[in-house]
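Okay, structure first, notes after.
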Amino acid sequence: MVVDYSGPNLAKEMHVGHLRSTIIGDAVVRVLESLGQTVIRQNHVGDWGTQFGMLIGELEAQLQHGDQAELALQDLEHFYQRAKKHFDEDPAFADLARQYVVRLQAGDEQVLRLWHKFREVSLAHCEEIYHLLNVSLTPEHIRGESFYNDDLPVLVEELKQQGLAQEDQGAQVVFLQELADKNGNPSPVIVQKKDGGYLYSTSDLAAVRFRIGTLGAQRIMVFSDARQALHMQQVYTVARKAGFAPENVRLEHCPFGTMMGADGKPFKTRTGGTVKLAELLDEAVERATAVIQGSGELSAEEKVEVARKVGIGAVKYADLSKTRTLDYVFNWDQMLSFEGNTGPYLQYAYTRIRSIFRKAGVEPTELSSTLTLVETQEKALALKLMQFGEIVEQVAQDAMPHLLCTYLYDLASLFMTFYEACPILKEGVDPATRNSRLLLSHQVAQTLRSGLDLLGIEVMEKM
RNA sequence: GCGCCCGUAGCUCAGCCGGAUAGAGCAACGGCCUUCUAAGCCGUGGGUCGGGGGUUCGAGUCCCUCCGGGCGCGCCA
C-alpha cells in the first residue's frame with residue numbers, strides 16, 4: 001500500500017500546518033508495518049509551480065551578488081518574503097520570474113540547476129525537522145509534484161480522448177455527475193488551465209495512476225487537511241472513471257482537522273504570523289526542560305536527552321490522542337502535564353516500571369513465567385494487556401491513532417492503580433507473588449513501549 | 001445558493017457494527033507519603049448528550065428538520 005503524508009511546500013519553511021499530516025501519517029505507517037504490511041511512503045512535496053519562478057529569480061539575483069546559495073537560503077521564510085517583495089515591487093523582476101516559470105517548465109538547464117539547488121536546501125531543512133520529530137521519512141520517500149510534470153500533458157490528452165475532459169471557457173474540465181448537487185449541477189474539475197498550465201488536480205491524478213500502475217498499490221491513503229475533502233473526492237472519482245484505479249484498489253482520504261489556538265482560531269503566533277515548526281519544536285523541548293528540572297534522578301546530560309523526548313513526545317501525543325478528523329486546541333500546559341491523557345504521563349508510567357526492576361536488581365528475562373492473578377487490579381490489568389492486538393488492528397483499519405492513545409492511557413492508569421494496591425518489592429510479599437507482579441509489570445512496560453513506538457514517541461529509563 | 005464537518009460536565013476530550021445507572025482528565029472540594037518515583041493514588045460534587053420530530057424492544061450513536069459554529073465550491077495548492 002501507499003501512504004502519502006507530510007507533503008510540505010518547499011517554497012517555505014515547514015510550519016504547524018504540516019505537523020498533523022506528518023505525525024499522524026507516520027504513526028499509521030508504523031502501525032501498518034508492524035502488522036506486516038508493505039508500505040510505500042510517498043512524500044508529495046510541493047516542489048513545482050509558479051512560485052518557483054519567483055524564488056529561482058531571487059536566488060539567481062543573490063548569487064550574482066556573490067552570495068552562496070546555502071547562505072542565501074539559510075532562512076527560507078525570510079528568503080521567500082524577500083522574493084515576494086521583490087516580485088511585487090519590481091515589474092522587471094516580476095517579468096523575469098514569469099520567464100523562469102516558462103523556462104523551468106521547458107527544462108532549461110540553467111534554471112533547472114537553480115531549481116535543484118533550491119530544492120536541495122529546502123529538503124535538507126525538512127530532513128532536519130523529520131529527524132527532530134522522530135519521523136521515519138527519508139529522502140528516498142520524496143516524490144514531489146515535479147515528478148509528475150512530464151506525465152501531465154499525456155494524462156490530460158487521455159482524459160480528452162476518453163471524453164471525460166472537455167473544453168469549457170478555454171480550460172479543460174471534467175464534469176462529474178457523480179458529485180452533482182441537488183439541482184443536478186455537475187461538479188467541475190479543472191485539469192488544465194486556459195493558459196495551458198496544470199493544477200494540483202492534474203498532478204494528484206497522475207500520482208494516483210503512478211501509485212497503482214507503477215508502485216502496485218492496493219490501498220492508497222492520503223493524509224491531508226479536511227478542507228481538501230472535496231478535491232480528493234473529485235480526484236478519486238475521476239481516477240475511477242478514467243480507469244486509473246480499478247474497483248479493487250482502495251482509495252482513501254484520511255482528513256484531519258485544524259490546529260487551533262486557545263482563542264479557538266487557527267493556531268498563530270502572537271503577532272498573527274505562521275508558526276514555524278522548527279520554533280514550535282524548540283519551544284517544546286525548552287518547556288520540557290523546565291518541567292523535568294526538579295527531577296533528582298537525572299544527571300545534567302540525561303536531562304537534555306529526556307527533555308527532548310518528553311517535549312517532542314508531548315507535542316506528538318497531544319495531536320495523536322485527539323480524534324483525527326476534528327479540530328483540536330493546542331495547549332502547552334495541558335500537553336506537558338503529567339496528569340491526564342498526555343505523553344509525559346505514559347512516559348512516566350514506563351519509567352516507573354523500569355525503576356522497579358532497577359530497584360529489584362532483576363532482569364525481566366530472569367523471571368519465571370508463572371503468572372498468578374489474584375487481586376482485581378491484577379486481573380483488570382491482565383485483561384487490558386490482551387486487548388493490545390485488536391486495538392492496533394483497528395488503528396490500521398481506520399487510520400485513527402487516537403484509539404491507540406486511549407488504550408495506552410487506560411493501560412497506564414490501570415497500572416498506576418495496580419501499583420498503589422499491590423506491593424511488589426515491599427516486605428512480606430512472597431516470592432511467587434513478587435515474581436508474578438514483576439512479570440505483569442514487565443508486560444505493561446513492553447506494551448507501553450511498543451505502543452508509544454508505533455506512535456513515534458520515545459521512552460526513557462528514568463525521568 | 002449548493003455541499004461537507006462539528007455541537008457530550010465550567011474547560012479539554014472519549015464513547016467499537018445502536019444495548020443496561022453517559023465516561024476520563026483538568027478546574028473545585030476532601031482524603032493518602034518513616035519502605036517499590038506523591039511527576040502518583042483514592043473519593044465527592046457537576047451533564048434535558050444544541051432544540052424538536054421519527055425509526056426501534058432500546059438512540060449520544062441511525063433518519064428528517066430547525067438553531068448555532070467551522071470549512072469548501074472552474075483556472076492557488
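Chain naming here is simple, since letters A, B, ... match the order of the sequence lines and numbering starts at 1 in each.
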(message) Please list, in numerical order, the residues of residues 382-393 of chain A that have a heavy atom closer than 4.0 Å to any atom of RNA chain B.
(response) none
(request) Could you tell me the separation between the CG atom of A:L320 and the P atom of B:rC13, rounded to a whole number of Å? (result) 15 Å
(request) State which residues pass side-chain hydrogen bond (donor to acceptor under 3.5 Å, both in side chains) with A:D47; sequence neighbours excluded, sorted by chain then number. (result) A:R119, A:S146
(message) Assess, by modelled atom type and distance only, whether the side chains of A:D204 and A:Y148 contain a donor and an acceptor separated by less than 3.5 Å.
(response) no
(message) Counting neighbours of NZ on A:K84 that are heavy atoms of other residues, nucleotides or ligands and sit closer than 6.0 Å, is the number greater than 12?
(response) no
(message) What residues from residues 298-314 of chain A pass a heavy-atom cutoff of under 4.0 Å to RNA chain B?
(response) none
(request) Among A:R211, A:H253, A:H141, find the residue that satisfies the side chain to side chain donor-acceptor pair (under 3.5 Å) test when tested with A:D4. (result) A:R211
(message) Which residues pass the side-chain contact (heavy atoms from CB on, under 4.5 Å) test with A:E302, not counting sequence neighbours?
(response) A:L298, A:S299, A:K462
(message) Any side-chain N or O of A:Y345 below 4.0 angstrom from OP1/OP2 of B:rC41?
(response) yes
(message) Between the base of B:rA39 and the side chain of A:S295, is one N or O donor paired with an acceptor at under 3.5 angstrom?
(response) yes
(request) Any ring pair (Phe, Tyr, Trp, His ring centres under 6.0 Å) involving residues 165-189 of chain A? Give me the pairs, sequence neighbours left out, ordered by first then second residue. (result) none
(message) With the 90 degree cut-off around zero defining syn, does B:rC33 come out syn or anti?
(response) syn
(message) Just by distance, no angles: are the side chains of A:S6 and A:Y130 close enough, under 3.5 Å, to form a donor-acceptor pair?
(response) yes
(request) Would you kindly give the NE2-to-C1' distance between A:H402 and B:rC16, to the nearest whole Å? (result) 10 Å
(message) Please classify the nucleic acid contact of A:L326 as base, sugar-phosphate, or nothing, using heavy-atom distances under 4.0 Å.
(response) sugar-phosphate
(request) Evaluate the ring planes of A:F415 and A:F418, with Trp represented by its six-membered ring, and classify them as parallel (under 30°), tilted (30 to 60°) or perpendicular (over 60°). (result) tilted
(request) Provide the distance between the two P atoms, one in B:rU8 and one in B:rC73, to the nearest whole Å. (result) 27 Å
(request) Return one dot-bracket line describing RNA chain B 5' to 3' (Watson-Crick or G-U wobble pairs, both distances under 3.5 Å; ( ) same strand, [ ] crossing, | another strand, . none). (result) (((((((..((((.....[...)))).(((((.......))))).....(((((..]....))))))))))))....
(request) Select one nucleotide: of B:rC13, B:rC36, B:rU37, the one nearest the side-chain heavy atoms of A:K322. (result) B:rC13
(message) Say we look at B:rG3 and B:rG46: how far apart would their P atoms be, to the nearest angstrom?
(response) 43 Å
(request) Please measure how far the P atom in B:rG51 lies from the corresponding atom in B:rU56, and state the result in whole Å. (result) 23 Å
(request) For A:M460 and B:rA39, give me the distance from atom CE to atom P, rounded to whole Å. (result) 16 Å
(message) Using only atom types and a distance under 3.5 Å, with no angle test, would you say the side chain of A:K384 pairs donor to acceptor with the backbone of A:D410?
(response) no
(request) Take atom OH of A:Y328 and atom C1' of B:rC6, then tell me their distance rounded to the nearest Å. (result) 18 Å
(request) May I ask you to verify if any side-chain N or O of A:S355 is less than 4.0 angstrom from the OP1 or OP2 atom of B:rU37? (result) yes
(request) Please tell me which of the listed nucleotides, B:rG15, B:rC2, B:rU37, lies nearest to the side chain of A:T323? (result) B:rG15
(request) Indicate, with a heavy-atom threshold strictly under 4.0 Å, whether A:K359 touches base, sugar-phosphate, or nothing. (result) sugar-phosphate
(request) Tell me, please, which residues at least two apart from A:D26 pass side-chain hydrogen bond (donor to acceptor under 3.5 Å, both in side chains). (result) A:Y5, A:R30, A:S136
(request) Using heavy atoms and a sub-4.0 Å distance, could you list which residues of residues 5-28 of chain A are near RNA chain B? By number, please. (result) none
(message) Please report the distance, rounded to the nearest Å, between CD in A:Q233 and P in B:rC4.
(response) 9 Å
(request) Can you tell me, in whole Å, how much space there is between the P of B:rU44 and that of B:rG25? (result) 12 Å
(message) Determine whether the aromatic ring centres of residues A:Y348 and A:Y345 are separated by less than 6.0 angstrom.
(response) no
(message) Please encode protein proximity along nucleotides 67-75 of chain B as a string of B, S and -, counting only heavy-atom distances under 4.0 Å.
(response) ----SSSBB
(message) Can you confirm whether or not the ring centre of A:F147 sits under 6.0 Å from the ring centre of A:F210?
(response) yes
(request) For nucleotides B:rA39 and B:rA27, find the distance between their P atoms and express it as a whole number of Å. (result) 15 Å
(message) Using a strict threshold of under 4.0 Å (side-chain N to carboxylate O), is an ion pair present between A:E297 and A:K359?
(response) no
(message) Apply side-chain contact (heavy atoms from CB on, under 4.5 Å) to residues A:K193 and A:L199 and explain how you reach the verdict.
(response) CA-CA 7 Å; A:K193 296 192 287 183; A:L199 296 94; 3.3 Å; yes
(message) From NZ of A:K182 over to C1' of B:rG3, roughly how many Å is that when rounded to an integer?
(response) 10 Å
(request) Starting at atom CD of A:E178, determine the distance to atom C1' of B:rG3, rounded to an integer number of angstrom. (result) 16 Å
(message) Measuring only the C1' atom in each nucleotide, how far is B:rC42 from B:rC33? A whole number of Å is fine.
(response) 14 Å
(message) Students often mix this up, so state it plainly: with edges at 30° and 60°, are the rings of A:F93 and A:F87 parallel, tilted or perpendicular?
(response) perpendicular
(request) Could you list by number each residue of residues 405-424 of chain A showing a heavy-atom separation from RNA chain B of less than 4.0 Å, or answer none if no residue does? (result) A:T406, A:Y409, A:M416, A:T417, A:Y419, A:E420, A:P423, A:I424
(message) Within residues 330-337 of chain A, which residues have any heavy atom lying less than 4.0 Å from an atom of RNA chain B?
(response) A:Q334
(request) Please work out if A:T351 contacts a base, only the sugar-phosphate, or nothing of the nucleic acid, heavy-atom cut-off 4.0 Å. (result) base
(message) Any carboxylate oxygen within less than 4.0 angstrom of a Lys/Arg side-chain nitrogen, looking at A:R240 and A:E178?
(response) no
(message) With rounding to the closest Å, how many angstrom separate the P atoms on B:rG7 and B:rG50?
(response) 7 Å
(message) What verdict does the side-chain contact (heavy atoms from CB on, under 4.5 Å) test give for A:M260 and A:F267, after you've listed the backbone C-alpha separation in whole Å, the side-chain angles of each residue and the deciding distance to 0.1 Å?
(response) CA-CA 5 Å; A:M260 306 298 229; A:F267 192 66; 5.9 Å; no
(message) Give me the distance, rounded to whole Å, that separates B:rG68 from B:rG52 when you measure between the C1' atoms they each carry.
(response) 15 Å
(message) Measure CE/A:M259 against P/B:rU12 and give the value in whole Å, please.
(response) 16 Å
(request) Output every pair passing side-chain hydrogen bond (donor to acceptor under 3.5 Å, both in side chains) with a member in residues 7-17 of chain A, not counting sequence neighbours, ordered by first then second residue. (result) none
(request) Please lay out, stage by stage, how A:H44 and A:Y200 fare under the test ring-ring contact (aromatic ring centres under 6.0 Å, His included). (result) CA-CA 11 Å; A:H44 195 82; A:Y200 74 141; 9.6 Å; no
(request) Would you mind calling B:rG18 syn or anti? Take O4'-C1'-N9-C4 for purines or O4'-C1'-N1-C2 for pyrimidines, and syn is within 90° of 0. (result) anti
